[in-house]
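Structure first, then comments.
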Number of protein chains: 2
Amino acid sequence: MDKKITIYDLAKALGVSAGTVSRSLNNHRSISDKTKQRVIAKANELGYQTNKFAVNLSTQKSNTIGVIVPKLNSIFMSDVLAGIEKTVNEAGYNLIISQSLEMMEKEKLNAKTLYNSGVDALLVSLAYDTNDFDHFAYYIRHNIPLIFLDRVHNLPNCSTIIINNKQAGFEATEHLIEQGCKNLLCISGNLKRNVYSERLMGFKEALAKHQMKFKKSNCLETELDPNDVPKVINYIKNQKQAIDGLFVASDTFAAHCIKALKKEHFRIPEDIKIIGFNNDPISELVTPPLSTINYPGYEMGVLAGQSVISQLNGSLDLQPANSITLRHQLIIRESTHI
Amino acid sequence: MDKKITIYDLAKALGVSAGTVSRSLNNHRSISDKTKQRVIAKANELGYQTNKFAVNLSTQKSNTIGVIVPKLNSIFMSDVLAGIEKTVNEAGYNLIISQSLEMMEKEKLNAKTLYNSGVDALLVSLAYDTNDFDHFAYYIRHNIPLIFLDRVHNLPNCSTIIINNKQAGFEATEHLIEQGCKNLLCISGNLKRNVYSERLMGFKEALAKHQMKFKKSNCLETELDPNDVPKVINYIKNQKQAIDGLFVASDTFAAHCIKALKKEHFRIPEDIKIIGFNNDPISELVTPPLSTINYPGYEMGVLAGQSVISQLNGSLDLQPANSITLRHQLIIRESTHI
DNA sequence: TTGTAGGCGTTATCAC
DNA sequence: GTGATAACGCCTACAA
């Protein structure tokens with residue numbers, strides 16, 4: 001019961017050739033139903049399991065899709081991954097997941113490892129500091145589908161899946177303005193990353209539209225890490241003109257800010273209105289509930305999965321840089337609205 | 001530049017045999033340094049990439065570890081995964097991750113697929129309704145390391161990595177009692193799962209220790225889903241004797257309960273004290289901050305990774321059902337403490 | 001220290 | 001419809 005049994009064992013047991021067994025198992029036309037039945041019955045009887053190693057070598061495919069994300073333990077990313085996994089699994093693919101830990105060097109390593117592992121496609125959300133893209137050259141050169149999501153870079157023939165961060169930033173900011181805010185602060189993440197820089201662009205555009213001048217002091221770049229909270233609070237307290245509206249690039253960080261501001265006796269939304277980003281579960285559970293932008297991670301994952309599958313099936317023609325933009329949504333709660 | 005180059009190409013280019021190339025690349029002793037250098041140089045020059053398919057077939061190993069979790073998009077699980085990924089990646093392994101979506105049937109499918117993919121080991125956290133374990137028989141029979149974490153089942157020769165849920169439940173409950181609660185309610189998850197049933201056992205034990213009788217009405221089984229909140233609130237409001245202490249098996253659900261209870265004008269902690277479980281980020285951000293049990297997901301992942309690696313390296317002797325219990329920790333915040 | 005050759009388990013291209 | 005047989009690319013005794 002322990003030895004692995006191969007198509008040769010089946011062939012011998014049935015008195016046919018290995019080729020016939022292989023074709024039967026793969027439901028090849030040109031094999032009689034009767035033979036197929038016999039083979040399959042025997043396979044079950046002996047507990048035959050196909051050896052993927054051999055299949056892979058023979059077909060040069062792995063039925064495996066690689067994923068590189070900055071961090072596994074983010075609520076948004078795990079939503080994305082859940083969506084990807086569900087979709088590609090239904091299509092018979094497995095997922096090899098690795099994290100760059102926000103370091104380009106690790107990302108390069110991962111890309112190389114995954115390439116060598118023979119993934120049939122690669123999905124990537126970029127690290128903070130990724131500034132060159134040679135590590136993806138293999139993929140492009142060998143026509144392995146390469147899809148960027150959320151934190152993207154435009155490369156020839158690579159799809160990207162994003163939301164319109166600029167527009168979302170614009171809407172969030174305009175909402176604050178419409179609520180009467182006169183002096184806004186954008187608390188951004190690392191501006192080297194497209195998602196944050198685009199939100200800031202939207203922020204600026206909203207100011208411009210409403211004849212409010214953007215000054216450098218209207219934006220504070222942080223790592224969106226809880227450790228940055230004191231810095232933010234100090235910054236707010238030290239402005240000459242009181243800040244009355246906060247656009248924070250992450251809900252969790254916004255929640256931390258709310259907590260700290262309340263401790264400093266700021267009233268929210270009366271003294272200062274706050275809007276976050278992502279619609280994390282936390283946004284509706286803090287006090288006051290946090291206005292935010294819904295950022296559909298799961299749907300993004302599903303779309304990424306569908307996109308990669310259709311590329312692998314060739315059902316999607318290689319359109320030059322096919323880009324998908326998901327719909328976001330402004331969610332108004334009490335942190336911006338009395 | 002497009003064609004894949006093999007050790008034969010290198011061999012020809014260097015005027016040596018393929019065997020020599022193979023051994024050089026694998027840094028085999030018994031190959032002169034000089035030859036190694038030459039081979040490696042040529043490999044780099046020609047852009048040689050090892051073909052994992054062939055290596056796998058030849059060695060019958062994949063350098064890949066399978067993971068099955070109930071859901072990818074849970075804050076705890078993504079912490080666990082982050083820990084696993086980091087650890088096994090450093091040891092040169094890749095991770096194939098799949099989710100059972102809390103369904104045994106899917107779990108079986110995943111287990112089979114991963115087996116066929118030739119994973120070198122399998123890490124599993126069980127689905128809610130898993131009640132037979134035949135799908136793991138292959139692994140055991142073929143001596144493929146199988147490790148359960150968090151939601152576990154005891155199988156011969158399989159390690160388990162857990163925290164002491166019973167003890168944690170006990171401590172959480174005793175803390176409520178010590179804060180003066182007289183009529184407790186345990187809001188549990190699905191009691192078919194060890195983690196929840198054990199917490200309940202701890203709950204009962206704490207009651208017993210303090211001469212409080214456990215009645216059926218002291219426990220409410222839920223799915224810990226936000227949709228269950230109204231049911232919980234009604235339950236609480238309809239008890240003859242007012243409930244003054246809540247032990248909730250998940251922080252996020254506890255946060256939802258807090259929000260709903262506040263809306264019903266319960267004062268926390270004055271009228272009702274609440275303790276959660278997990279130490280999710282949300283626990284310190286709700287108002288009032290939530291007492292909880294720290295449940296170290298990342299560390300659990302790291303340990304699981306180390307455990308699997310050492311089993312693969314044979315450095316850990318096959319101890320019969322080696323079980324690791326992580327330390328948990330009671331965290332007291334304002335939801336139980338005036 | 002290096003070369004030779006068989007094996008890993010399939011798939012695929014020919015024949016028959 | 002089915003059977004040979006050659007890939008697929010690497011590893012590894014066994015020889016030399």
Side-chain angles (χ1 to χ4, degrees), chain A residues 2-40 42-43 46-64 92 113 115-120 138 142, chain B residues 2-40 42-43 46-64 92 113 115-120 138 142:
Chain A
D2 209 342
K3 183 180 167 312
K4 301 212 179 173
I5 95 141
T6 72
I7 53 171
Y8 284 98
D9 300 323
L10 291 181
K12 202 180 294 172
L14 289 163
V16 298
S17 76
T20 303
V21 173
S22 170
R23 282 181 283 241
S24 298
L25 260 16
N26 291 318
N27 200 18
H28 197 287
R29 59 208 160 106
S30 95
I31 293 284
S32 71
D33 279 355
K34 198 177 134 216
T35 310
K36 280 181 193 167
Q37 307 282 297
R38 284 182 60 220
V39 171
I40 290 168
K42 185 58 89 178
L46 300 186
Y48 168 79
Q49 304 262 17
T50 135
N51 181 323
K52 280 268 179 60
F53 298 150
V55 178
N56 291 348
L57 176 60
S58 190
T59 60
Q60 297 294 336
K61 295 192 25 176
S62 64
N63 259 269
T64 271
T113 310
Y115 177 79
N116 283 332
S117 309
V119 294
D120 296 340
Y138 313 117
H142 292 277
Chain B
D2 208 340
K3 184 180 168 309
K4 300 211 180 173
I5 95 140
T6 73
I7 53 171
Y8 287 98
D9 300 324
L10 291 182
K12 200 180 297 171
L14 289 163
V16 298
S17 77
T20 302
V21 173
S22 169
R23 281 182 282 242
S24 298
L25 260 16
N26 291 319
N27 199 19
H28 197 289
R29 54 202 168 112
S30 94
I31 292 284
S32 70
D33 279 355
K34 197 176 134 214
T35 310
K36 280 183 193 166
Q37 308 282 296
R38 283 182 60 219
V39 171
I40 291 169
K42 184 58 91 178
L46 301 186
Y48 169 80
Q49 303 264 14
T50 137
N51 181 323
K52 280 267 180 58
F53 298 148
V55 178
N56 290 349
L57 176 59
S58 188
T59 59
Q60 296 295 335
K61 295 192 29 176
S62 64
N63 259 269
T64 270
T113 309
Y115 177 78
N116 283 330
S117 310
V119 294
D120 296 342
Y138 314 116
H142 292 277

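A note on names: the letters A, B, ... follow the listed sequences, proteins ahead of strands, and every chain is numbered from 1.
- Residue A:F53 is out of contact with every strand shown, counting any heavy-atom pair closer than 4.0 Å.
- The stretch residues 55-62 of chain A comes close to DNA chain D through A:L57, A:S58, A:Q60, each having a heavy atom under 4.0 Å from the strand.
- The main-chain N or O of B:L14 is found under 3.5 Å from a side-chain atom of B:R38 such that the two form a donor-acceptor pair.
- Between the CD1 atom of A:I31 and the P atom of C:dT11 there is a distance of 12 Å, given to the nearest Å.
- Near DNA chain D, meaning a heavy atom under 4.0 Å away, the residues from residues 11-26 of chain A are A:G15, A:V16, A:S17, A:T20, A:R23.
- Side-chain atoms of B:T59 come within 3.5 Å of backbone N or O of B:V55 as a donor-acceptor pair.
- Checking B:N51 against B:K4 by side-chain atom types alone, no donor-acceptor pair falls below 3.5 Å.
- Ring-plane geometry between A:Y115 and A:H142 is classed as tilted, the angle between the planes lying from 30 to 60 degrees on a 0 to 90 degree scale.
- Under the 3.5 Å distance criterion, the side-chain polar atoms of A:D120 are matched with a main-chain donor or acceptor of A:S62.
- The nearest whole Å value for the distance from the CG atom in A:N27 to the C1' atom in C:dT11 is 16 Å.
- Summarising the geometry of B:S22 relative to B:I7, their closest heavy-atom pair is CB-CD1, 4.3 Å, with the distance given to 0.1 Å.
- Look at CZ on B:R29: it is 11 Å from P on C:dT1, rounded to the nearest Å.
- With rounding to whole Å, B:D33 atom CG is found 15 Å from C:dT2 atom C1'.
- Under the 3.5 Å distance criterion, the side-chain polar atoms of A:N116 are left unmatched by any main-chain donor or acceptor of A:T113.
- Checked by atom type and distance alone, the side chain of B:N56 never pairs as donor or acceptor with a backbone atom of A:F53 at under 3.5 Å.
- Computed from coordinates, the A:L10 CG to C:dG9 C1' distance equals 12 Å when rounded to whole Å.
- Along DNA chain C, the nucleotide closest to A:A54 and the one closest to B:S30 are compared, and the more 5′ of them pairs with B:S30.
- A distance of 11.5 Å separates CG in B:L10 from OG1 in B:T20, rounded to the nearest 0.5 Å.
- When side chains are defined from C-beta on, B:L25 counts as touching B:V39, because their heavy atoms get closer than 4.5 Å.
- Protein chain B contacts DNA chain D from D:dG9 to D:dA13, reading 5' to 3' and using non-hydrogen atoms of the protein with a distance under 4.0 Å.
- Across all non-hydrogen atoms, the minimal contact from A:A11 to A:S17 is CB-C, 3.7 Å.
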